[in-house]
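Before any comments, here is the structure.
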Amino acid sequence: MSTLAEKVQRDLLLAIENDDLVLPTLPEVALRVREAAEDPDISIAALSKVIGNDAALTARIIKVVNSPLLRTNREINDLQTAIGRLGINYTCNLATGLAMEQMFQATTDVVDRKMREVWNKSTEVAAISHVLCRHYTRLLPDQATLAGLVHQIGVLPILTYAEEHGALMADSISLNHVIDKIHPILGERILRTWDFLEPIAVVPGQYCDFTRDSAAADYTDIVQVATLQSYLGTNHPLTQLDWQRIPAFAKLGLDPSTLLHDDEDLSVAMDAAMSMLQ
């Protein structure tokens with residue numbers, strides 16, 4: 001590890017320990033959706049009114065409901081019908097996750113490119129997580145999608161720090177090392193600050209632990225396998241691991257040597273999920 005990476009890592013860990021690091025806040029629309037979701041009596045019309053104030057998010061929800069994975073015989077063009085088709089819980093989780101994209105923006109081109117890269121990887125992992133969840137577990141696909149969308153949320157404050165410290169931004173090797181080491185700690189801290197449910201809140205901090213072996217398949221297992229699958233065909237270090245020894249595959253009932261892309265139905269489903277989220 002370079003001297004710069006060591007210093008930045010030390011500074012960030014100290015800031016975390018002393019609660020001096022400013023953590024990102026949820027976008028306003030996500031806060032309103034979360035608040036609406038906590039009302040057990042929330043109606044489709046009321047939720048539609050909350051989401052409908054954000055035109056971009058409204059368009060994304062309608063795009064999702066018309067995607068090949070979810071669409072019915074007729075196209076849906078209005079938000080209330082879309083929420084009725086998806087269900088209130090599914091819509092709230094999806095809207096919360098998709099609203100995160102608003103946070104992956106920066107004031108400098110270099111940091112902005114890195115944030116876009118992180119968000120694109122998050123949507124890819126979320127899409128694969130959605131498909132894995134539907135085909136290999138009895139867990140909720142909307143929760144798995146949300147877990148995939150937020151699993152790298154801890155990168156945000158690191159890039160904000162880098163934006164204010166040009167030396168780190170100029171040294172991509174040190175920056176990537178710091179991200180790899182620190183983002184899991186920050187990610188879990190952020191999701192707990194946002195009061196995410198425990199099964200989702202632990203994902204950033206645990207999905208990189210490839211010895212992890214929980215009692216039953218959970219969202220961390222799904223995101224872990226989805227992350228590994230997302231690097232297939234690349235030279236990424238994660239492709240060099242012995243996947244046969246990673247417990248998450250067995251818990252999902254998935255043979256690591258059987259690639260999801262080799263299954264035509266799953267490959268089509270993943271492509272559909274990817275286009276749904278982008």
Side-chain angles (χ1 to χ4, degrees), residues 12-13 15-40 88-104 115 118-119 121-130 132-133 137-160 179-228 230 247-248 251-252 277:
L12 284 170
L13 287 172
I16 295 167
E17 190 177 321
N18 295 333
D19 281 332
D20 289 336
L21 194 67
V22 178
L23 299 178
T25 56
L26 270 172
E28 187 180 346
V29 65
L31 285 169
R32 292 199 304 267
V33 169
R34 293 282 302 282
E35 186 179 337
E38 289 171 2
D39 179 358
I88 286 176
N89 287 337
Y90 195 116
T91 302
C92 288
N93 284 322
L94 188 65
T96 301
L98 291 175
M100 300 291 174
E101 185 175 10
Q102 299 174 16
M103 303 173 68
F104 285 82
M115 284 195 176
V118 172
W119 177 252
K121 172 57 70 174
S122 297
T123 57
E124 182 183 6
V125 169
I128 299 171
S129 295
H130 181 99
L132 286 172
C133 188
T137 78
R138 293 184 178 180
L139 297 170
L140 301 172
D142 54 301
Q143 294 271 27
T145 305
L146 178 59
L149 289 171
V150 301
H151 80 286
Q152 292 193 97
I153 199 71
V155 177
L156 280 179
I158 298 171
L159 291 178
T160 300
I179 286 173
D180 288 344
K181 291 293 182 184
I182 304 291
H183 93 81
I185 302 167
L186 282 174
E188 186 165 338
R189 178 72 64 91
I190 291 167
L191 294 188
R192 290 190 184 283
T193 300
W194 290 348
D195 292 325
F196 271 56
L197 295 175
E198 183 72 9
I200 305 295
V202 300
V203 170
Q206 298 185 12
Y207 85 96
C208 287
D209 178 3
F210 297 104
T211 63
R212 177 183 181 276
D213 194 3
S214 56
D218 56 22
Y219 297 110
T220 301
D221 292 318
I222 292 171
V223 170
Q224 187 175 97
V225 171
T227 299
L228 293 170
S230 76
K251 281 185 281 177
L252 295 182
L277 295 174

Under 3.5 Å donor-acceptor, Gln224 side chain and Asp209 backbone: yes

Are Lys251 and Asp218 ion-paired here, with the side-chain N under 4.0 Å from a carboxylate O? no

Nearest 0.5 Å, what's the CG-CD1 distance between Asn93 and Ile88? 12.0 Å

Could you give me the CA-CA distance, side-chain angles and deciding distance for Gln102 and Val29, then say whether side chain to side chain contact (heavy atoms under 4.5 Å, CB included) is met? CA-CA 10 Å; Gln102 299 174 16; Val29 65; 3.8 Å; yes

Distance, nearest 0.5 Å, that separates CD1 of Ile190 from CD1 of Ile153: 6.0 Å

To the nearest 0.5 Å, tell me how far Thr96 OG1 sits from Phe196 CZ. 6.0 Å

When you measure from the side chain of His151 to the backbone N and O of Gly148, does any donor-acceptor pair fall under 3.5 Å? yes

Backbone N or O of Arg189 within a donor-acceptor pair of the Trp194 side chain at under 3.5 Å? no

Rounded at 0.5 Å granularity, tell me how far CD1 in Ile200 sits from CG in Leu191. 8.5 Å

For Glu188, enumerate each residue passing the side chain to side chain contact (heavy atoms under 4.5 Å, CB included) test, keeping only those at least two apart in sequence or located in another chain. Arg192, Val202

What verdict does the side chain to side chain contact (heavy atoms under 4.5 Å, CB included) test give for Arg34 and Asp195, after you've listed the backbone C-alpha separation in whole Å, the side-chain angles of each residue and the deciding distance to 0.1 Å? CA-CA 10 Å; Arg34 293 282 302 282; Asp195 292 325; 4.1 Å; yes

Note: Glu35-Arg32 ion pair, threshold 4.0 Å (strictly below): no

Output every pair passing salt bridge (Lys or Arg N to Asp or Glu O under 4.0 Å) with a member in residues 92-102, not counting sequence neighbours, ordered by first then second residue. Arg60-Glu101, Glu101-Arg116

From Ile128 CD1 over to His130 NE2, what is the distance, rounded to the nearest 0.5 angstrom? 12.5 Å

Can you check side chain to side chain contact (heavy atoms under 4.5 Å, CB included) on Ile185 and Leu13, steps first, answer last? CA-CA 9 Å; Ile185 302 167; Leu13 287 172; 3.8 Å; yes

Would Arg212 count as a cation-pi partner of Tyr207, with NZ or CZ less than 6.0 Å from the six-membered ring centre and within 45° of the ring normal? no

If you measure from CG on Leu140 to SG on Cys133, what distance do you get to the nearest 0.5 Å? 6.5 Å

Walk me through whether Val223 and Leu228 qualify under side chain to side chain contact (heavy atoms under 4.5 Å, CB included). CA-CA 9 Å; Val223 170; Leu228 293 170; over 6 Å; no

